Amino acid sequence: MTTTSARAGAYHHLWAKSLRPEDGGPWRWSSLWTHLTDTAAVMRLLWDWAGAPVRRVIAADAAGDDTAAREVAVLAASLHDIGKGTPAFAGQVEPLRIELERQGYRWPAGYDSAHSRDLPHSVAGHHLVEQMLIGRGVDKVSAEAFAVIIGGHHGVPPTKSELNDVFDRAHLLGDGAWREARVELVEDVVQTLGLEAALDSLATVRLSDASQILLTALVVMADWIASNADLFPLVPIGTHCQGDPTERAARAWREFGFPERWLPTTEALTADATALLRARFGVDYEANRLQQAVLEAARGMAEPGLLLIEAVMGGGKTEASLLAAEVFAAKFGCSGVFYGLPTRATADAMLDRVLVWWQNVPGLDRGDRNIALRHGNAGLNDTYRGLPRRSRRDETNSIAASVPEEAPLEGSHILDVGRDEPSAPLWDGRRTMDGTAVAHYWTSGRKKAAFADTVVGTIDHELLAALRSRHVVLRHLGLARQVVVLDEVHAADTWMFVYLERALEWLGRYGVPVIAMSATLPPDQRQRLVDAYENGRRWVPPSHERRETFGELPQVPVHDAYPLVTALSAACVTQRSADPGTPRPVSMAWLTDDVDHLVREIEPVVTAGGCVLVIRNTVRRAVETYRALQPVWGEAVTLAHSRFIGFDRLRKDDWLRSTFGRGDGDRSGRIVVATQVAEQSLDIDFDLLVTDLAPIDLILQRVGRVHRHLERTRPTAAQTPRCLVTGVAPRERGDVPEVDRGSAYVYGEYRLLRSAALLDEIVAAGGHVTLPSDVPSLVRRCYSDEPVGPPVWQLALDAARSRAETEQAALVSAAGVYRLVGPGKRRSLIGTLSVSVGEAETSTDVARQVRRSDGGFEVVLLRYAVDGLSFLPHLGDTRRIPTDRVPERDVVRLLARSMVRVPAVVTSRPEWTDRVLNDLSRNYFSAWQRDAVLGGQLILLLDESNCGTLGPFQVTYHDEVGLGVQW
DNA sequence: AACAAAAAAAAA
Ligand SMILES: [Fe+3]
Ligand SMILES: [Fe+3]
């Protein structure tokens with residue numbers, strides 16, 4: 001439906017998109033007018049999708065007027081690519097440039113299409129819009145706050161210096177015909193969409209930083225939709241797209257088939273807890289005390305806030321959190337849930353449970369509901385892949401998902417895309433072996449994942465909202481629509497906590513209800529979470545020059561209870577405790593750190609048919625212990641740690657679960673030697689526990705593995721649950737312990753000494769702890785600085801403390817370099833993602849990551865033979881693996897399960913790193929790079945005896961011992 | 001020259 005140039009006015013020849021002809025077909029294009037009006041019309045539709053919380057944030061800057069706020073959003077969308085109306089951009093495509101020249105446009109002498117990079121259209125657009133607003137009498141601060149949405153519509157807002165440079169590049173901006181055309185274009189667009197009032201409103205609307213972020217994200221999303229050539233087809237050059245933009249957008253939106261957002265009912269606000277539980281999860285049992293307490297707490301929260309649930313694993317927390325999430329969604333208008341977990345494996349498991357809830361939870365919405373799984377290997381999850389790929393409103397109710405495409409999009413060559421932008425992404429691409437960034441993960445699911453109503457993923461996807469990274473605004477928009485649930489918060493280390501706090505500030509600012517679940521937290525961390533959320537919530541409209549005075553931050557009472565439910569709402573903290581369950585006494589004792597003593601303790605238990613778990617703090621110690629026990633007990637000894645390929649880890653986890661889980665496993669006489677992998681979420685039970693000294697919370701977590709299943713009958717030698725703590729050099733009673741060096745590296749000497757002092761106390765008092773009632777006070781004391789231990793320890797404790805404080809401070813400051821600025825700190829987003837070279841080089845620990853990397857890295861472990869690559873033989877798949885193309889799906893899956901982490905030693909010196917990377921670079925297969933799972937992965941090849949070389953190191957792999965690195 | 005576990009990484 002096109003005709004030859006129907007519209008008068010030279011501005012109609014400005015272009016936004018062009019399509020390079022394939023096989024010599026005619027050029028196609030989209031005029032700037034078309035693209036701007038399309039994007040603006042899409043924005044009007046997106047406004048409803050955005051949901052109440054997002055709209056409230058933006059409307060607050062427009063005197064609470066939702067319609068006025070929407071029109072500001074539409075205006076921003078209608079101007080987003082105005083920077084394409086410049087010689088810098090418009091000269092890039094020859095045939096379009098020739099047409100423009102015919103219309104009277106002129107290019108500066110010596111213009112070359114490479115000049116477009118000197119003035120990216122986003123930066124030009126920011127400049128033009130800011131100048132236009134200032135010309136209309138808008139003050140500079142408000143003008144910048146609006147203009148930066150245009151400046152940031154490609155994911156990175158411009159910096160001050162980039163904006164200053166525009167003044168020196170006026171020739172690329174263009175005057176005369178260019179300026180006139182832009183003025184006419186804006187007039188036409190504004191009139192077409194009825195945006196006159198919105199334009200006038202900018203004189204009084206000063207957008208806050210939060211609104212700037214959400215509006216930028218909405219513009220990006222509208223732009224992506226309006227740039228989809230299936231929904232908004234390009235037309236042959238010389239013709240113009242016909243039809244009313246609003247109608248075009250409405251048709252496109254229907255075709256797009258985006259599921260209607262979840263509109264929760266008010267049922268959860270009043271219904272009985274047990275009735276809700278049964279209806280949402282299809283169970284027949286009654287709601288427990290914790291679930292009731294959580295539901296009550298959520299109902300009692302008048303404003304969006306933070307709900308902190310400290311309780312043991314398996315206490316019905318997941319169900320409790322989703323009931324609370326439904327309450328919040330009903331109260332505050334959230335469209336779904338973000339459920340964040342610390343690992344991909346736990347996220348995979350959670351998807352199944354959240355799916356049940358998502359299918360059962362009632363709503364006023366009709367049709368499908370959107371859900372996404374968000375983590376690196378989401379594409380390998382069968383549940384996720386099994387969900388319908390696309391949804392249409394007229395089909396029956398089902399869950400729709402955005403599942404990654406099998407293969408990257410090929411054959412389309414949209415030319416304008418980012419052509420005038422520096423090509424390096426803000427994210428440092430994966431370091432590849434030939435030194436160039438080739439890490440192109442491409443899946444259609446990835447981008448859509450942020451837009452799903454409900455998302456299950458790794459907690460990283462919440463933490464990433466606090467990282468200075470390209471398109472971080474999309475993460476904000478996604479989360480601002482949701483109730484955020486974070487599980488196993490205690491697992492966050494110092495580095496992650498830095499990001500967790502900042503992310504909570506922003507969530508508090510957006511009024512996003514947050515449910516955080518954890519084992520007992522030290523009071524200090526509890527307070528910091530509350531402070532972060534509350535600090536974000538306390539914002540001042542940017543039009544107010546003076547900062548309003550708020551009261552003191554609410555203090556969280558120190559309450560040694562477990563389980564404990566802490567609720568922050570409207571600047572008030574309330575706490576509830578729930579039923580702690582059956583008290584479990586466990587006897588605790590020290591054990592001398594050598595093989596003889598260990599054997600002597602294990603022997604009677606094993607002989608009597610019991611089973612033993614030995615947890616070591618380092619892989620080295622675990623392997624040593626395994627090797628020492630094997631001569632005595634042979635096959636009865638099993639080793640578990642993280643330096644196994646995924647295939648073996650799954651195999652071992654399954655075996656652990658079936659052998660030591662509930663039910664009758666073949667557990668008699670068995671010994672498991674493990675690192676911290678056995679501390680994680682496995683529901684396994686042993687008759688005796690031996691553990692290295694660790695911070696007390698982790699010891700208690702490990703203690704949770706001994707006599708975990710109360711109903712089980714035990715051998716006489718293990719009638720009482722016992723935990724033996726070792727990993728400390730022999731000492732006289734009362735002496736300062738000398739902790740193992742590796743343990744000190746992992747946990748820090750200070751925390752270990754404090755933990756040892758508490759254990760000495762326990763032993764001196766009879767050698768018993770009672771779970772869970774003793775947990776809170778022990779955790780509190782281990783993580784505070786209050787005096788512990790006898791007087792002779794104090795010197796050592798003080799020294800260790802000051803070292804710990806120095807290290808902690810260094811880590812926090814390194815982690816903070818790439819952290820986003822908090823809400824309310826800046827008037828505009830200008831430069832908000834940039835980090836100066838000076839800052840970035842303050843320490844070698846500085847990294848643009850939400851988790852600290854230790855220098856180790858993952859490799860795919862494969863066997864090399866003359867006729868090609870194959871899997872390690874014990875995987876039982878003898879196929880040769882093709883390297884000239886992306887292998888079949890099941891091969892890719894097995895490749896993903898052939899991954900193992902190489903320890904950090906190999907990169908502990910730059911010269912080794914170089915040699916290691918050099919070795920790995922030989923196994924670079926360009927055909928694999930376009931696969932989402934394989935792209936950028938490092939490959940390590942082993943010979944027939946499972947040996948390989950990595951720079952100066954020899955590598956071995958054994959399916960029962962794991963990866964060994966020797967030198 | 002020793003030292004866990006865990007995750008991330010495309011655009012209009
Ligand atoms: Fe653009
Ligand atoms: Fe655009």
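Because the structure is predicted, anything quoted here is derived from the model rather than measured. To find a chain, count down the sequence lines: A is the first, B the second, and so on, and within it residues start at 1.
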**Message:** Can you tell me if A:W912 is stacked onto the base of B:dA1, using a 5.5 Å centroid cut-off and an angle below 30°?
**Reply:** yes
**Request:** Return the value, rounded to whole Å, for the distance between atom CG of A:D348 and atom P of B:dA7.
**Result:** 10 Å
**Message:** With a 4.0 Å limit, can you tell me whether A:R852 has a side-chain N or O closer than that to the phosphate oxygens OP1/OP2 of B:dA7?
**Reply:** no
**Phosphate-side-chain proximity, A:R344 and B:dA8, N/O vs OP1/OP2 below 4.0 Å** = yes
**Prompt:** Just how far, in rounded Å, is C1' of B:dA5 from CZ of A:R901?
**Reply:** 8 Å
**Asked** Under the 5.5 Å and 30° test, is A:W224 stacked on the base of B:dA11?
**Response** no
**Asked** Would you say A:R470 reaches B:dA11's phosphate, i.e. side-chain N/O to OP1/OP2 under 4.0 Å?
**Response** yes
**Request:** Indicate whether OP1 or OP2 belonging to B:dA11 is found under 4.0 Å from a side-chain N or O atom of A:S227.
**Result:** no
**Fill in**
Winner on side-chain proximity to A:Q676, out of B:dA5, B:dA2, B:dA9, is B:dA5
**Complete:** Residues passing the salt bridge (Lys or Arg N to Asp or Glu O under 4.0 Å) test with A:E749, sequence neighbours excluded, are A:R803
**Message:** Regarding B:dA2, can its base be found pairing with the side chain of A:S908 as donor and acceptor, where the two atoms are less than 3.5 Å apart?
**Reply:** yes
**Message:** Nearest to the side chain of A:T343, heavy atoms from C-beta on, is which of B:dA8, B:dA5, B:dA6?
**Reply:** B:dA6
**Message:** I want to check one thing: is the phosphate of B:dA11, taken as OP1 and OP2, less than 4.0 Å away from some side-chain N or O of A:H154?
**Reply:** no
**A:H121 ring center within less than 6.0 Å of A:H154 ring center** = yes
**Request:** Name the closest nucleotide to the A:L464 side chain, picking from B:dA1, B:dA8, B:dA5.
**Result:** B:dA8
**Message:** Please tell me if A:R909 has a side-chain N or O lying less than 4.0 Å from either OP1 or OP2 of B:dA1.
**Reply:** yes
**Message:** Counting only side-chain nitrogens and oxygens, does A:S743 get under 4.0 Å of the OP1 or OP2 atom of B:dC3?
**Reply:** no
**Asked** Looking across every strand, which nucleic acid part, if any, lies under 4.0 Å from A:V619 by heavy atom: base, sugar-phosphate, or nothing?
**Response** sugar-phosphate
**Item:** Aromatic ring proximity, centroids under 6.0 angstrom, A:H126 and A:H80
**Value:** no
**Spatial distance of atom CG (A:L753) from atom OH (A:Y747) [nearest 0.5 Å]** = 15.0 Å
**Any A:R620 side-chain N or O less than 4.0 Å from OP1/OP2 of B:dA2** = no
**Closest to the A:V677 side chain, choosing from B:dA5, B:dA1, B:dA7** = B:dA5
**Message:** Can you identify which nucleotide, out of B:dC3, B:dA12, B:dA5, has its nearest atom closest to the A:K17 side chain?
**Reply:** B:dA12
**Prompt:** Which nucleotide in the list B:dC3, B:dA6, B:dA8 gets nearest to the side chain of A:S642?
**Reply:** B:dA6
**Asked** Is the A:H153-A:W224 ring centre distance short of 6.0 angstrom?
**Response** no
**Fill in**
Taken to the nearest whole Å, CG/A:L32 to P/B:dA12 is 16 Å
**Request:** Applying side chain to side chain donor-acceptor pair (under 3.5 Å), name anything that partners A:S898, two or more places apart in sequence or on another chain.
**Result:** none
**Prompt:** Which nucleotide sits closest to the side chain of A:H641: B:dA5, B:dC3, B:dA11?
**Reply:** B:dA5
**Request:** With the side chain of A:Y747 defined as its heavy atoms from C-beta on, choose the nearest nucleotide among B:dA7, B:dA4, B:dA8.
**Result:** B:dA4
**Prompt:** Between B:dA6 and A:R649, is there an OP1 or OP2 to side-chain N/O distance shorter than 4.0 Å?
**Reply:** yes
**Asked** Picking from B:dA8, B:dA1, B:dA12, which would you name as closest to the side chain of A:F953?
**Response** B:dA1
**Message:** Measuring from the side chain of A:A904 (C-beta onward, heavy atoms only), which nucleotide among B:dA8, B:dA12, B:dA2 has the closest atom?
**Reply:** B:dA2
**Asked** How long is the line joining CZ of A:F89 and C1' of B:dA12, in whole Å?
**Response** 10 Å
**Prompt:** Rounding to a whole Å, what distance do you find between A:M899:CE and B:dA9:P?
**Reply:** 13 Å
